[in-house]
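Structure record follows, encoded as structure tokens.
Protein chains get the first letters and strands the later ones, always in sequence-line order, with residue 1 at the start of each. What's counted below: heavy atoms across the whole structure, side chains too, no hydrogens, waters or symmetry copies.
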Protein chains: 2
Amino acid sequence: MTEKDDFSLQDFLPFLLNRAAEDSSLEFQAHYKNRYGMLRNEWRVLFHLGIFGQMTAKDIGDRAKIHKTKISRAVAKLAERRFVSRSRDEKDRRSEHLRLTPAGEAAYRDLRSQAQSYDAQIVERFTPEEVAMLRRMLRQLAGIEEPASR
Amino acid sequence: MTEKDDFSLQDFLPFLLNRAAEDSSLEFQAHYKNRYGMLRNEWRVLFHLGIFGQMTAKDIGDRAKIHKTKISRAVAKLAERRFVSRSRDEKDRRSEHLRLTPAGEAAYRDLRSQAQSYDAQIVERFTPEEVAMLRRMLRQLAGIEEPASR
DNA sequence: CCTTGTTAGTTACAAAATCAACTATTAATT
DNA sequence: AATTAATAGTTGATTTTGTAACTAACAAGG
């Protein structure tokens, strides 16, 4: 079992990104799963609602590039657990406004602070400049526009 | 729908990594799926065998951190298509040595060159220094030891 | 209006991932 | 040697995802 090639799997960005993503979210994933029984998409939706206050499923999908099917199911679960409330838009009865309930807010705050300290822990081994650069490059790869003024 | 917080989802590394990983592998995924009908795990196994020549399923799992169940099924498919041949280890009859058949080698070479040029295309927008840094940081996040002398 | 097209969201069916149990074989312990 | 534990790999049951088709509501052009 000796390497015999130059372009290794470990140079291949899609592979590397997937591995880094899996590895880096494992612990956090375990946490939010155990604590709230939330899957990745539910947690993403919760975050968006926590950050933006009120959105439709479409808003979330556009912003996070999550497929509407996933959002629909995530919202259904969150609503079932009373983390999210829904209300029809009376101007356009196709869409539904979503917002966090008090319980949802509490879960959001908790997960958010978890995320923040988990993030800090991941990033510990790099310099602030490296981290800034990493985030910038990842945003570009993810097709997320640079935040205007931060 | 206005932002009201400081620590955005888009700063959170596990989120960012997942998004970047998804985005960057989408196109490539479409390619290898259409061309060889291979799924991500099959393609990963193929790559490992192409790079290392001969390995057991365990070797692959250890190196790529893929669960043995996935490897078992991926290998089954690859063997069915005659991309991989298996032979029992007579010293330890529990394990099986895997290697690529000529057809497997051909598929590997093809996918490898695809991967290489796809990688180059992803990376186009950054400077070589940035790319080197990105790979290094991602390897660290993925828990992959730095290649000794490259 | 009334056909045609578009959009928001849900649901159904197929494909895949996950987790646990299982077989076969080897290693370790008494 | 006999028992117990550990390891390589497979299989099966359950959960999750992904793709596509579907419903309901609105929009635009004739």
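In this structure, of D/dA25, C/dT25, D/dT10, it is D/dT10 that holds the atom nearest to the side chain of B/R86. Closest to the side chain of A/T69, from the set D/dG12, C/dT11, D/dA8, is C/dT11.
If A/R94 and B/T56 are placed on DNA chain D by their nearest nucleotide, the residue sitting closer to the 5' end is B/T56. Nearer to the 5' terminus of DNA chain D, by closest-nucleotide assignment, is the contact made by B/R88 (compared with the other of A/D89 and B/R88). Place B/K77 and A/I71 on DNA chain C by their nearest nucleotides, and A/I71 ends up nearer the 5' end.
When the side-chain nitrogen and oxygen atoms of B/N41 are compared with OP1 and OP2 of C/dA17, one or more of them lie within a distance under 4.0 Å. Within the structure, every side-chain polar atom (N or O) of A/R73 is placed at least 4.0 Å from both OP1 and OP2 of D/dT15. Between A/R40 and C/dA17 there is no side-chain polar atom (N or O) within less than 4.0 angstrom of OP1 or OP2. A/S95 has no side-chain polar atom (N or O) that falls below the 4.0 Å cut-off from OP1 or OP2 of C/dA8. Here A/S72 reaches the OP1 or OP2 of C/dT10: one of its side-chain N or O atoms lies under 4.0 Å away. OP1 or OP2 of D/dG18 has at least one side-chain nitrogen or oxygen of A/K70 nearer than 4.0 Å.
Note: CH2 (B/W43) to P (C/dA16) measures 16 Å, nearest angstrom. Taking atom NE2 on B/H97 and atom P on D/dA8, their separation rounds to 12 Å, with Å as the unit. Residue B/L39 contributes atom CG, which lies 15 Å from atom C1' of D/dT19 at whole-angstrom precision. Rounded to whole Å, atom P of C/dA27 lies 6 Å from atom CG of B/D92. The NZ atom of A/K91 sits 19 Å away from the C1' atom of C/dT7 (whole-angstrom rounding). If you take CZ of B/R44 and P of C/dA16, they are 15 Å apart, rounded to a whole angstrom. Rounded to whole angstrom, the span from the CG atom of A/D59 across to the P atom of C/dG9 amounts to 8 Å. Between the P atom of C/dT18 and the NZ atom of B/K68 lies a distance of 15 Å, rounded to the nearest Å.
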Exercise. Apply side chain to side chain contact (heavy atoms under 4.5 Å, CB included) to the pair B/R44 and A/N18, showing each step before the final yes or no.
Key: CA-CA 12 Å; B/R44 283 180 177 180; A/N18 271 302; 3.8 Å; yes

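B/R86 places no side-chain N or O within donor-acceptor distance of the main-chain N or O of B/R99, the cut-off being under 3.5 Å.
Here B/L49 contributes atom CG and B/L98 contributes atom CG; the two are 5.5 Å apart, rounded to the nearest 0.5 Å.
Side-chain contact between A/I66 and B/R19: absent, with no pair of heavy atoms (C-beta onward) separated by less than 4.5 Å.
Ionic pairing of B/E22 and A/R40 is present here: one or more N-O contacts between side-chain nitrogen and carboxylate oxygen are shorter than 4.0 angstrom.
Among the heavy atoms of the strands lying under 4.0 Å from A/K58 are primed sugar atoms or P, OP1, OP2 only; no base atom is included.
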